[in-house]
Amino acid sequence: MNLPLTLSQFLIKQLARHPERDGLVAIISDLSTIGKIISNHTNRAGVVDMIGSAQKMNIQGEEVKKLDVFCNELCKDYLRQTGNFAAMASEEEDEVVDMGEFGKEAKYIIAFDPLDGSHNVEVNLPVGTIFSVQRLLNQFERTDERQFLQPGRDQVLAGYILYSASTVLVFSWGDGVYEFTLDQGLGEFLLTREKMSVPAECAIYSFNEGAYRYLGDKDKKFIDYLKEKKSCSLRYVAAMVADVHRTLIKGGIFLHPAVDKKGTGEYKGKLRLNYEAKPMAYLVEQAGGFCTESKGNLLDLPGESLHQRVPVILGNKDIIEYYLQNNLI
Ligand code: F6P
């Protein structure tokens with residue numbers, strides 16, 4: 001009988017082969033525990049009064065949901081006590097969070113979106129947790145924002161946990177992309193995919209079509225090209241974790257390009273560089289795809305501020321190269 005490896009078995013093997021990964025092995029194990037707890041809460045959200053607004057806005061002016069608050073506190077408290085992180089940044093926190101005494105010996109920092117797409121909870125659609133781990137830079141204070149302005153290329157671990165029909169943990173630490181699926185009965189994550197690879201065929205585009213009228217000409221032409229020349233079908237969940245997961249497995253292009261909603265001629269991206277764009281770009285590149293903010297490789301983009309937003313176009317490498325190289329204006 002060919003039984004899939006449990007995450008624990010996989011991590012023990014990794015540790016034997018790569019003893020230098022000990023810190024990252026511990027981090028994945030801790031994140032998997034967080035994933036089990038959040039999975040349990042999102043499943044029961046309707047019966048444990050976890051649906052709806054927390055009656056406050058976050059630093060980005062978005063409504064905070066009750067589950068956002070729960071997941072953020074859980075990630076903060078749980079990860080703090082592991083001692084693996086010197087500092088953390090969360091989409092739900094205004095500033096960098098100091099790990100205090102717990103983080104004194106830590107070598108890493110972590111940025112996370114505790115519950116991406118949380119608007120989906122009340123309609124029972126997919127949501128996720130996204131994480132990005134980088135090395136602590138010794139030239140700066142632990143809570144210096146510049147710790148989090150390192151380019152995505154320097155991530156040592158990135159991934160997400162998707163809470164959907166099943167709960168999956170997807171991550172990479174630089175040798176391909178792994179997927180583990182939570183067996184709810186066993187309470188264990190089991191290895192279900194390794195060396196994930198964005199398929200060569202590009203049959204899907206994933207984009208909020210309602211925003212088409214706010215796009216610049218180049219992005220409009222690219223979407224027209226995907227529809228008319230590539231005959232792509234539209235699939236859009238509006239939770240980045242779910243849309244990227246599908247892109248990794250089924251291929252295609254996910255787009256959240258810059259928009260000008262006010263008609264001022266100023267085009268802006270929506271997705272957060274630290275909590276969404278960087279980790280997803282890392283995974284997609286590890287799976288043979290490509291991610292751009294519209295001009296170059298997003299992984300080479302230096303950060304400007306903690307909560308910086310950027311446009312994101314990711315997926316099939318050949319098609320994104322076409323987008324970057326051809327003058328679509
Ligand atoms: O940033 C939060 C988020 O929900 C992402 O997960 C998702 O890709 C995006 O916003 C959806 O945005 P829109 O509703 O503008 O299409």
Side-chain angles (χ1 to χ4, degrees), residues 52-65 68 89-94 111 113-123 125-128 130 152 204-228 232-244 246-247 252-281 284 291-296 298 301-315 319-320 323-324 326-329:
S53 171
Q55 307 297 338
K56 62 174 185 172
M57 308 294 254
N58 66 15
I59 188 162
Q60 3 241 338
E62 295 160 341
E63 187 190 38
V64 178
K65 308 281 186 196
D68 286 322
S90 160
E91 193 200 288
E92 303 300 339
E93 297 286 330
D94 296 1
D113 183 349
L115 201 65
D116 177 59
S118 53
H119 52 268
N120 274 352
V121 170
E122 59 196 291
V123 287
L125 288 174
V127 287
I130 311 175
I204 294 171
Y205 79 109
S206 184
F207 166 66
N208 180 348
E209 271 289 343
Y212 180 86
R213 64 191 190 281
Y214 304 124
L215 298 180
D217 286 346
K218 179 176 175 178
D219 292 325
K220 276 186 180 156
K221 290 207 171 129
F222 184 49
I223 287 174
D224 295 345
Y225 165 79
L226 293 172
K227 291 193 275 198
E228 289 157 23
C232 288
S233 296
L234 170 63
R235 300 281 183 272
Y236 192 62
V237 180
M240 190 188 193
V241 177
D243 285 316
V244 170
R246 187 199 49 252
T247 307
I253 301 285
F254 166 80
L255 310 96
H256 218 295
V259 290
D260 170 19
K261 287 195 172 168
K262 295 184 181 146
T264 55
E266 205 187 340
Y267 289 86
K268 290 183 181 166
K270 171 183 178 185
L271 300 179
R272 270 55 57 113
L273 180 59
N274 269 325
Y275 322 110
E276 294 171 310
K278 258 164 58 169
M280 294 309 196
V284 167
C291 178
T292 180
E293 85 308 342
S294 80
K295 293 193 177 74
L298 191 140
L301 191 72
E304 288 168 3
S305 61
L306 189 62
H307 295 291
Q308 182 179 350
R309 292 171 186 263
V310 288
V312 173
I313 300 174
L314 61 78
I319 306 288
I320 293 184
Y323 167 81
L324 292 173
N326 285 269
N327 186 0
L328 291 166
I329 300 172

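Small disclaimer: the values here were computed from a predicted structure and weren't measured.
- Judged as a salt bridge (charged side-chain N to carboxylate O under 4.0 Å, His left out), and not counting sequence neighbours, Lys220 has no contacts.
- Checked against side chain to side chain contact (heavy atoms under 4.5 Å, CB included), Glu266 has the following partners two or more places apart in sequence or in another chain: Thr264, Lys268.
- Contacts of Arg235 classified as salt bridge (charged side-chain N to carboxylate O under 4.0 Å, His left out), with partners at least two apart in sequence or in another chain: none.
- Taking the side chain as every heavy atom from C-beta outward, Glu209 and Ile223 approach each other to under 4.5 Å.
- Asp243 meets the salt bridge (charged side-chain N to carboxylate O under 4.0 Å, His left out) test with Arg246; sequence neighbours excluded.
- Within the 4.5 Å cutoff, the side chain of Ile204 has no heavy atoms near those of the Ile253 side chain.
- One finds the OG atom of Ser206 at 7.5 Å from the CG atom of Leu255 (value rounded to the nearest 0.5 Å).
- With contacts defined as side-chain heavy-atom distances shorter than 4.5 Å, the pair Pro257/Ser294 does not qualify.
- For Thr292, the side chain to side chain contact (heavy atoms under 4.5 Å, CB included) test picks out Phe290, Ile313, Ile320, Tyr323, Leu324, with sequence neighbours left out.
- Residues passing the side chain to side chain contact (heavy atoms under 4.5 Å, CB included) test with Asp224 are Tyr212, Lys227, Glu228, sequence neighbours excluded.
- Residues that satisfy the salt bridge (charged side-chain N to carboxylate O under 4.0 Å, His left out) test with Glu93, not counting sequence neighbours, are Lys76.
- Counting only residues at least two apart or in different chains, side-chain hydrogen bond (donor to acceptor under 3.5 Å, both in side chains) contacts with residues 270-281 comprise Gln60-Arg272, Glu62-Arg272, Glu91-Arg272, Gln134-Lys278, Arg272-Glu276, Asn274-Lys278, Tyr275-His307.
- Here the closest heavy-atom approach between residue Ala242 and residue Val237 is recorded as CB-CG1, 3.8 Å.
- Legend: residues meeting side chain to side chain contact (heavy atoms under 4.5 Å, CB included) with Val312, ordered by chain and number and at least two apart, are Met240, Phe254, Leu271, Ala277, Cys291, Leu298, Val310, Leu314.
- Between Phe222 and Asn326, the closest side-chain pair of non-hydrogen atoms is not below 4.5 Å.
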